[in-house]
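For the numbers below, each heavy atom of this structure counts, side chains included, while hydrogens, waters and symmetry mates do not.
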Amino acid sequence: AFITIAHQPPEMGSTLSFTMAFAKGLGLKGCLLTLPVCTVLLLPPLLIGKILQAVLGDNAAAGFYKILLKILPWGPRKMKSTSVVKFAEEFKLPDGRHLPEKFRGAYWMKGNPQPDDLVCLHTGAWNARTRHLKLYITGSDCWTWHDNAAGWLKAYMTAAICMNYNFYFDEKLEHASIYPSVLFNTRLPLNLIADFNMHYMGEGQWDRETVYKGSSPGDAGHYYLRRLIDPNGSVNEDVKKELILAAADEKESGCFTDQIYGSNS
């Protein structure tokens, strides 16, 4: 979700030149090791799931991805199921004292077109000297996905390739560039397609911006992180009301009432 490609990117020149640049960005280890392993882990389950969904429906595909995630040796210990309302009322924040205050709490990704809605950064590893936050998104009590085939697929895919998001902040901790990394600590050179940024808007809100290469700033994609639970564990009732209304109008908002997330408890 943090690196959601929400709109069609502009033309990137020849496919060959882009492929060569992408391979160069992956590096030798990425091309010879990470890319083949990720392909094996992702492509067959994706194809099988799509066939199950077409033949037997959404629940069959969701059940298939659920089984894969459960038997994945490095996946989350368990997946919890909840709703956006129960999440706001029952979610217990992990210890986040190692993070700057403006990063703490649990956030609703308002306007995110992907099948995930809520995020908590507390389980991220923070380096104060380099201002680098590394977040393993399938980790415990970190990220929620929709409780349907699309959500379970994304939960499995991010866990299978050990997807991390790396946030590099400025000195004021108000702007960040985001870079994804996967298995074997391989950084994905998605910056060839777009720049993924976050900007602090104050009062517990961040702007998640995607700026495609060759496009103007006015064509950037945006969604917003609205703080649902503050660092002390108190629920922002205004944000909760917005979230409930969005969940009730799923077709308009893309928000989904039922959620799943990884947990070690």
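Ring centers of Phe169 and Phe103: under 6.0 Å apart, within the cut-off.
Under a hydrophobic-cluster definition in which Ile, Leu, Val, Met, Phe, Trp and Tyr are linked whenever side-chain heavy atoms come within less than 4.5 Å, directly or via other members, Met163 and Leu46 are assigned to the same cluster. In the hydrophobic clustering of this structure, Val239 groups with Val85; members are Ile, Leu, Val, Met, Phe, Trp, Tyr whose side-chain heavy atoms approach within less than 4.5 Å, directly or through other members. Neither Tyr224 nor Leu243 shares a network with the other; the hydrophobic side chains, linked directly or stepwise wherever heavy atoms of I, L, V, M, F, W or Y lie under 4.5 Å apart, form separate groups for each. Taking hydrophobic clusters as Ile, Leu, Val, Met, Phe, Trp and Tyr residues chained together by side-chain heavy-atom distances below 4.5 Å, Leu68 shares a cluster with Val182.
Between the side chains of Asn166 and His132, at least one donor-acceptor pair of N or O atoms lies under 3.5 Å. Side-chain N/O atoms of Tyr107 and Arg227 include a donor and acceptor closer than 3.5 Å. With 3.5 Å as the limit, one finds a donor-acceptor pair spanning the side chains of Asp116 and Asn112. Lys134 and Asn185 form a side-chain donor-acceptor contact under 3.5 Å, judged by distance and modelled atom types alone. In the model, Trp108 has no side-chain atom that pairs as donor or acceptor with a side-chain atom of Asp117 under 3.5 Å.
Between Asp95 and Arg97 there is a salt bridge, since a side-chain N of the basic residue sits under 4.0 Å from a carboxylate O of the acidic one.
With rounding to the nearest 0.5 angstrom, the OG atom of Ser181 is 7.5 Å from the CG atom of Leu188. For the atom pair OG1 of Thr138 and CE of Met79, the computed distance is 7.5 Å after rounding to the nearest 0.5 Å. Atom CD of Glu237 sits about 8.0 Å away from atom CD1 of Ile244, to the nearest 0.5 Å. How far CG of Asn232 is from CD1 of Ile229: 12.0 Å, rounded to the nearest 0.5 Å. Atom CG of Leu228 and atom OG of Ser234 lie 11.5 Å apart (nearest 0.5 Å). The CG atom of Asn164 sits 11.0 Å away from atom OG1 of Thr186, with the distance rounded to the nearest 0.5 Å.
Using a distance-only test at 3.5 Å, with no hydrogens or angles considered, no donor-acceptor pair links the side chain of Ser140 to the main chain of Ser263. Counting only distance, with no hydrogens or angles, the side chain of Trp74 and the backbone of Cys162 share no donor-acceptor pair below 3.5 Å. In this structure, Asn127 contributes its side chain and Arg129 its backbone to a donor-acceptor pair below 3.5 Å. Under the 3.5 Å distance criterion, the side-chain polar atoms of Asn148 are left unmatched by any main-chain donor or acceptor of Trp152. Checked by atom type and distance alone, the side chain of Lys241 never pairs as donor or acceptor with a backbone atom of Asn236 at under 3.5 Å. Without hydrogens or angle criteria, His146 side chain to Ile260 main chain gives no donor-acceptor distance under 3.5 Å. Between the side chain of His122 and the backbone N or O of Ala106, no donor-acceptor pair lies under 3.5 Å. Counting only distance, with no hydrogens or angles, the side chain of Arg226 and the backbone of Gly204 share no donor-acceptor pair below 3.5 Å. The main-chain N or O of Tyr168 is never found under 3.5 Å from a side-chain atom of Ser177 such that the two would form a donor-acceptor pair.
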Let's go through Leu173 and Lys102 carefully: what are the C-alpha distance in whole Å and the side-chain angles of both, what is the deciding distance for side chain to side chain contact (heavy atoms under 4.5 Å, CB included) to 0.1 Å, and is it a yes or a no? CA-CA 8 Å; Leu173 305 181; Lys102 64 179 65 172; 4.3 Å; yes
As a quick check of understanding, evaluate side chain to side chain contact (heavy atoms under 4.5 Å, CB included) for Tyr212 and Asp195, giving each step before the final call. CA-CA 6 Å; Tyr212 292 101; Asp195 293 322; over 6 Å; no
Evaluate side chain to side chain contact (heavy atoms under 4.5 Å, CB included) for Leu52 paired with Ile48, printing each intermediate quantity in order. CA-CA 6 Å; Leu52 286 173; Ile48 294 171; 4.1 Å; yes
Any chance you could lay out the side chain to side chain contact (heavy atoms under 4.5 Å, CB included) test for Leu225 and Gln205, step after step, and finish with the verdict? CA-CA 5 Å; Leu225 273 68; Gln205 181 163 293; 6.0 Å; no
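Relative orientation of the Phe87 and Tyr261 rings is perpendicular, given thresholds of 30° and 60° on the angle between their planes. Ring pair Phe167/Tyr165 is perpendicular by interplanar angle, where above 60° counts as perpendicular and below 30° as parallel.
Counting heavy atoms from C-beta on, the side chains of Gln259 and Ser83 never come closer than 4.5 Å. No side-chain heavy atom of Asn197 sits less than 4.5 Å from a side-chain heavy atom of Ile178. You'll find the side chain of Phe91 stays beyond 4.5 Å of the side chain of Leu118, heavy atoms only. Glu171 places a side-chain heavy atom less than 4.5 Å from the side chain of Arg131. Side-chain contact check for Glu89 versus Lys240: some heavy-atom pair is nearer than 4.5 Å. Looking at Leu121 and Arg104, their side chains never come closer than 4.5 Å, going by heavy atoms from C-beta outward. Val211 has its side chain out of reach of Phe196: every pair of non-hydrogen atoms, C-beta onward, lies at least 4.5 Å apart. A 4.5 Å side-chain heavy-atom check between Pro180 and Leu190 finds at least one atom pair inside the cut-off.
Summarising the local packing, NZ of Lys50 is surrounded by 12 or fewer heavy atoms from other residues, nucleotides or ligands at distances under 6.0 Å. Within a 6.0 Å radius of CD in Glu203, no more than 12 heavy atoms belonging to other residues, nucleotides or ligands are found. Within a 6.0 Å sphere centred on CD of Glu90, heavy atoms belonging to other residues, nucleotides or ligands number more than 12. By the 6.0 Å contact criterion, CE on Met201 is enclosed, its count of non-hydrogen atoms from other residues, nucleotides or ligands being greater than 12.
Contact detail for Leu69 and Pro76: the closest heavy-atom pair is CD1-CD, 4.0 Å. Between Leu93 and Asp230, the shortest heavy-atom distance links the atoms CD1-O, 3.2 Å. Across all their heavy atoms, Gly49 and Tyr65 have their closest contact at CA-OH, 3.1 Å. Annotation for Thr158 and Ile137: closest pair CG2-CD1, 3.5 Å, computed over non-hydrogen atoms. When all heavy atoms of Cys31 and Ala23 are compared, the closest pair comes out as SG-O, 3.4 Å. Taking each heavy atom of Ala160 and Leu41 in turn, the nearest pair found is O-CD1, 3.4 Å.
Val40 belongs to no hydrophobic cluster with other residues, because no ILVMFWY side-chain heavy atom falls under 4.5 Å from its own, directly or through intermediates.
Both the sub-6.0 Å distance and the 45° axial angle are not jointly satisfied by Lys110 relative to the ring of Tyr223.
Residues meeting the ring-ring contact (aromatic ring centres under 6.0 Å, His included) test with His199, sequence neighbours left out: His175.
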